[in-house]
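A quick write-up on the structure given underneath.
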Amino acid sequence: ALFDGTINVTGTGTIAGWTISSTRFSNTDDKVRIDSNAGSLSIKNHSFGQAGVQLEYNGGTTRLHAGDGVSKYIKFDGSDVDIKTEKLIASGSEISLLTPKFYFGETANYISGSEGNIKIYSTGDTTLSGSSVTLATPKFFFGNQSNYISGSEGNITIQNTGTTTLSGSGVNIKTPKFYLGESLNY
């Protein structure tokens, strides 16, 4: 059948399981809807951010939501993208995440960065490994308040409440002055 012209709907009607009204086209159980007044296409729920899919042109702003509305979704609200999921796989030969501020992890284990600083925090073991690892900095601190190695302004301090061992096929100490011992015994 060929139709050429205009259909004016003043009430409602159905065609092939779809309900047609003056501003809406929807399936019979209203789970899929195209609404010309709202400028939207929606599946399942028709309020933005609810479980299902909503694509809207809302007051001049395009918005998109797809997901369960609570814990697994992708949402674009017209200015920001929000993705919430238990697992995200991003794969490619080149992926760039360009941001002045980032945070990966949770409160007990994370990597974060902002304002030129990077922080790695772990409550368990942390390993930096490779054929070559370089830490180039004018100031460093390894350890805790009681046992540490630190350095700054050309000085290195080794503080230990236990035994400190320097071992190797050769240990060289080159200095014009040195002090071994404690204040009473040296």
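Computed from a predicted structure; not experimentally measured. All values below were derived from every heavy atom in this structure, side-chain atoms included, with hydrogens, water molecules and symmetry-related copies excluded.
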Margin query: Looking at Gln54 and Gly49, would you say the former's side chain and the latter's main chain have a donor-acceptor pair under 3.5 Å?
Written below: yes
Next item on the list: Please assess Arg63 against Thr61 for the test side chain to side chain contact (heavy atoms under 4.5 Å, CB included), listing each intermediate value before the final yes or no.
Entry: CA-CA 6 Å; Arg63 304 190 309 175; Thr61 301; 4.2 Å; yes
Checklist line | Atom CZ of Phe140 with >12 non-hydrogen neighbours under 6.0 angstrom | finding: yes
Notebook entry, point to check: How long is the gap from CD1 on Ile20 to CD1 on Ile34, to the nearest 0.5 Å?
Noted result: 10.5 Å
Next item on the list: Measure across Val81 and Ile83 and return the closest heavy-atom pair with its distance rounded to 0.1 Å.
Entry: CG1-CG1, 4.0 Å
Checklist line | Test side chain to side chain contact (heavy atoms under 4.5 Å, CB included) applied to Asp82 and Tyr73, step by step | finding: CA-CA 8 Å; Asp82 185 9; Tyr73 58 82; 3.2 Å; yes
Side-chain donor-acceptor distances from residues 151-159 under 3.5 Å, at least two apart:
none

Checklist line | Minimum heavy-atom distance between Thr62 and Phe76, given as atom pair plus value | finding: O-CE2, 3.3 Å
Check: Do Tyr57 and Phe25 belong together in a cluster built from hydrophobic side chains that touch within less than 4.5 Å?
Finding: no
Next item on the list: Indicate the atoms forming the closest heavy-atom contact of Phe142 with Leu135, along with that distance.
Entry: CZ-CD1, 3.8 Å
Margin query: Rounded to the nearest 0.5 Å, what separates atom CG in Asn45 from atom CZ in Arg33?
Written below: 9.5 Å
Could you tabulate the donor-acceptor pairs under 3.5 Å formed by side-chain atoms of residues 95-106, not counting sequence neighbours?
from   : atom 1 : to     : atom 2 : distance (Å)
Thr99  : OG1    : Lys101 : N      : 3.3
Thr99  : OG1    : Lys101 : O      : 2.8
Tyr103 : OH     : Glu106 : O      : 3.2
Glu106 : OE1    : Ala108 : N      : 3.0
Glu106 : OE2    : Asn109 : ND2    : 3.3

Item checked: Nearest heavy-atom neighbours spanning His65 and Gln50 -> CE1-O, 3.1 Å
Next item on the list: Give a yes or no answer on whether the side chain of His46 reaches the backbone of Ser40 with a donor-acceptor pair at less than 3.5 Å.
Entry: no
Notebook entry, point to check: Under a 4.0 Å N-O cut-off, is there an ion pair linking Asp35 with Arg24?
Noted result: yes
Notebook entry, point to check: Which atom pair, heavy atoms only, marks the closest approach of Thr175 to Phe178?
Noted result: CG2-CB, 4.0 Å
Notebook entry, point to check: Nearest 0.5 Å, what's the NZ-OH distance between Lys119 and Tyr110?
Noted result: 3.5 Å
Notebook entry, point to check: Is a side-chain N or O of Asn27 found less than 3.5 angstrom from the main chain of Val32, in a donor-acceptor match?
Noted result: yes
Check: Is a donor on one side and an acceptor on the other found under 3.5 Å between the side chain of Asp68 and the backbone of Val70?
Finding: yes
Next item on the list: Look only at the side chain of Asn147 and the backbone of Thr161, and say whether a donor-acceptor pair between them is shorter than 3.5 Å.
Entry: yes
Next item on the list: Check Ser36 against Ser22 and note the closest heavy-atom contact, atom names and distance.
Entry: OG-O, 4.4 Å
Determine all donor-acceptor pairs shorter than 3.5 Å in which one atom belongs to a side chain in residues 164-174; sequence neighbours excluded.
from   : atom 1 : to     : atom 2 : distance (Å)
Thr164 : OG1    : Asn160 : ND2    : 3.1

